[in-house]
Amino acid sequence: MHSVEYAGKLAVIAPATGKVIAEIQETPVHEVPLFYDQGRKAFDKWSSLPITQRLAFLRKLKQLMVDEMDEIARVISDDTGKVLTEAIVADIMPTLDAIDHIIRHAGQVLGRRRVKTPLLLFGKKSFIEYMPRGVVLVISPWNYPLQLAMVPMISALAGGNSVILKPSEVTPLVGKCIEDLFMRSGFPQGTIQVAHGGKEVGAAFTAGKPDYIFFTGSVRTGKIIQQQAAKDLIPTTLELGGKDPMIVFGDANLERAAKAAAWGAFTNSGQVCMSAERLYVERAVYHEFLEKLKTEVNSLQQGDGINADVGSMTFPAQINVVKEQLDEALKRGAKLETGLKPEDWKEGMFLPLTVVTEVDQDMKIIQEETFGPLLPVVPFDTEEEAIAYANGTVFGLNASVWSRDREKARRVACRLVSGAVVINDVIITVANHGLPFGGTKESGIGRYHSEAGLRVFCHEKSIMEDRGFMKSEIQWYPYKGKYPLFLSLFKSYFSEKRDWVTFVKSYITLLKSNK
Ligand code: ADP
């Protein structure tokens, strides 16, 4: 769904039907300081709870989501136009699995860790501790509106932070649903707050000096947020766009690869940051593969019924982006393999599933994120060429390599400048919460999921402990007579073949000179 703003309210329009289905009150920007005050008060209490108690709230949240899974799936589907199956498989499941993963691992990942202390610092102990940052601002997008809001939220909450969420104004009903789920799970007041509204509201919260900003959305907005964050030196994670290549070698399982390409390109109507967005196929199997792909694509059912494969677009403005990219490609000689020319598209939010060939690497359809059901297919001749094509955009979020030769697939995966690579499958790394998630180049800064995704919301604090028995340390004042002793201490210690006798002698003499 998308929304129309009037008199401080967001009217929610279901994209699949065009009907107004709800109305949501916008958060006035003058309330921003109140949100931060509440968040900081709540932080004091929440951060002082033992982690097991914080995780108990996540358990309640998870059970509530399990109990109401069907209702939540319907809200997501109404709000985005995605089909119910995708709402449950690609939005709800990864959120539940993330909660599960965090419940299981957060205690250990965020616990105090002992680290080795070098011999030169004899007698001391070293530790790393994780201290929550404060109030974390999460700004989330509309394509996976549940997962991309809730996973950073629960990661931040587990570490002891309070959270302010600014969900996308394009899918405000899911934002409301998230707020409601947290409230009904009994989270203490102010621990999680949801601010509804558009980019002005997002900008006001960004300027309100949160302790951390976790942003998922477009490259354009990511850069604006990073500029504001730089002014106040606020640390950020930016999860931005992608233009993921799929490389199919001649020795791949072509049947499977064709099914994967159709799913990877058209799931969520192509409105996915990590998907199959550019398809490179080895020339020897190019025609055979293209036929299989077309058969697959032509068999897909678009609609909003329970058995539909592909839902509608979510955000009307996106339709023009898709149109523009396709227009440019067709004008420059590209060929439609499936789908229709933009002038023949029907009114509404369902776009034809479009496979295009005869495209050049400098076309928008290859270089820019589409966020729509548009798949360019390009033949390649050598491994080198495939790698150069794949690495030839400003993005680097995910990629896939298809081959029965495991060594070749791994070799190519190793050379792709990408936050993740999948071999003989697509997208799926995001579903393993144990793996870090994030982009290279303009696809973003930072990682979440995995251990990194819990620790990023904490100050990583180094602690060294001395029992305090000795009167002084060898490196303290006075320096008189110490230089030659340090010289022999360090030479004996750092030499390739360590001279223990000189080391111990110099050390003891230094200790003795420390009256
Ligand atoms: P998308 O097109 O994927 O929604 P956007 O980057 O436009 O990407 O939006 C992602 C999120 O960022 C939304 O919640 C939106 O309201 C918010 N947003 C947009 N502009 C700004 C801004 N200038 N400052 C803060 N948040 C913003």
Side-chain angles (χ1 to χ4, degrees), residues 1-5 8 10 12 15 24 26-29 32 35-36 76 79-82 91 136-153 163-179 193-210 212-232 234 236-243 268-275 277 313-322 324-325 349 368-372 395 397 439 442-445:
M1 138 163 61
H2 62 286
S3 62
V4 174
E5 200 184 333
L10 296 165
V12 184
I24 283 166
E26 264 204 17
T27 302
V29 291
V32 170
F35 272 67
Y36 280 107
I76 296 171
D79 209 9
T80 57
K82 72 175 79 188
D91 221 0
V136 172
L137 174 62
V138 174
I139 300 181
S140 59
W142 46 262
N143 60 335
Y144 290 94
L146 189 86
Q147 179 193 169
L148 299 181
M150 284 191 78
V151 175
M153 288 171 81
V163 171
I164 296 174
L165 168 70
K166 209 303 282 169
S168 173
E169 67 278 25
V170 179
T171 48
L173 216 52
V174 177
K176 201 76 199 155
C177 169
I178 294 172
E179 182 176 15
Q193 302 173 88
V194 181
H196 301 280
K199 67 176 173 196
E200 294 76 18
V201 177
F205 275 92
T206 306
K209 302 211 175 142
Y212 197 87
I213 301 174
F214 191 102
F215 172 74
T216 309
S218 63
V219 175
R220 184 180 38 80
T221 306
K223 287 180 179 173
I224 295 172
I225 286 177
Q226 187 73 341
Q227 278 172 15
Q228 177 62 45
K231 279 189 198 148
D232 299 325
I234 295 168
T236 61
T237 299
L238 303 179
E239 295 291 344
L240 310 177
K243 190 75 185 178
N268 213 34
S269 258
Q271 304 167 113
V272 190
C273 51
M274 48 169 20
S275 54
E277 286 158 88
M313 296 290 283
T314 302
F315 188 29
Q318 206 50 44
I319 291 177
N320 278 336
V321 178
V322 183
E324 235 184 74
Q325 290 190 10
M349 297 287 281
E368 294 179 11
E369 186 162 42
T370 307
F371 248 57
F395 297 103
L397 191 56
E442 292 207 2
S443 288
I445 298 177

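Order of listing sets the numbers, starting from 1, for every ligand and every atom in it. When reading the values below, keep in mind they use all heavy atoms of this one structure, side chains included, and skip hydrogens, waters and symmetry mates.
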If only side-chain N and O atoms count, and only distance matters, is there a donor-acceptor pair under 3.5 Å linking [Y] with [X]?
| X | Y | value |
| --- | --- | --- |
| Thr370 | Glu277 | no |
| Tyr144 | Thr80 | no |
| Gln228 | Thr206 | no |

Describe, in one word, how the ring planes of Trp142 and Phe371 are oriented to each other, choosing from parallel (under 30°), tilted (30 to 60°) and perpendicular (over 60°). perpendicular
Which N/O atoms of ligand 1 sit under 3.5 Å from a protein N/O, and at what distances?
{"residue": "ligand 1", "atom": "4 (O)", "partner": "Trp142", "partner atom": "NE1", "Å": "2.9"}
{"residue": "ligand 1", "atom": "6 (O)", "partner": "Ser218", "partner atom": "N", "Å": "3.0"}
{"residue": "ligand 1", "atom": "6 (O)", "partner": "Ser218", "partner atom": "OG", "Å": "2.7"}
{"residue": "ligand 1", "atom": "6 (O)", "partner": "Thr221", "partner atom": "OG1", "Å": "2.8"}
{"residue": "ligand 1", "atom": "8 (O)", "partner": "Ser218", "partner atom": "N", "Å": "3.4"}
{"residue": "ligand 1", "atom": "14 (O)", "partner": "Ser140", "partner atom": "O", "Å": "2.8"}
{"residue": "ligand 1", "atom": "14 (O)", "partner": "Lys166", "partner atom": "NZ", "Å": "3.0"}
{"residue": "ligand 1", "atom": "16 (O)", "partner": "Lys166", "partner atom": "NZ", "Å": "2.7"}
{"residue": "ligand 1", "atom": "16 (O)", "partner": "Glu169", "partner atom": "OE1", "Å": "2.6"}
{"residue": "ligand 1", "atom": "24 (N)", "partner": "Ala203", "partner atom": "N", "Å": "3.4"}

Side chain to side chain contact (heavy atoms under 4.5 Å, CB included) for Val201 and Glu26? Distances and angles first, verdict last. CA-CA 9 Å; Val201 177; Glu26 264 204 17; 4.2 Å; yes
Once side-chain contact (heavy atoms from CB on, under 4.5 Å) is applied, do any residues pair with Lys176, and if so which ones, sequence neighbours excluded? Ile24, Glu179, His196
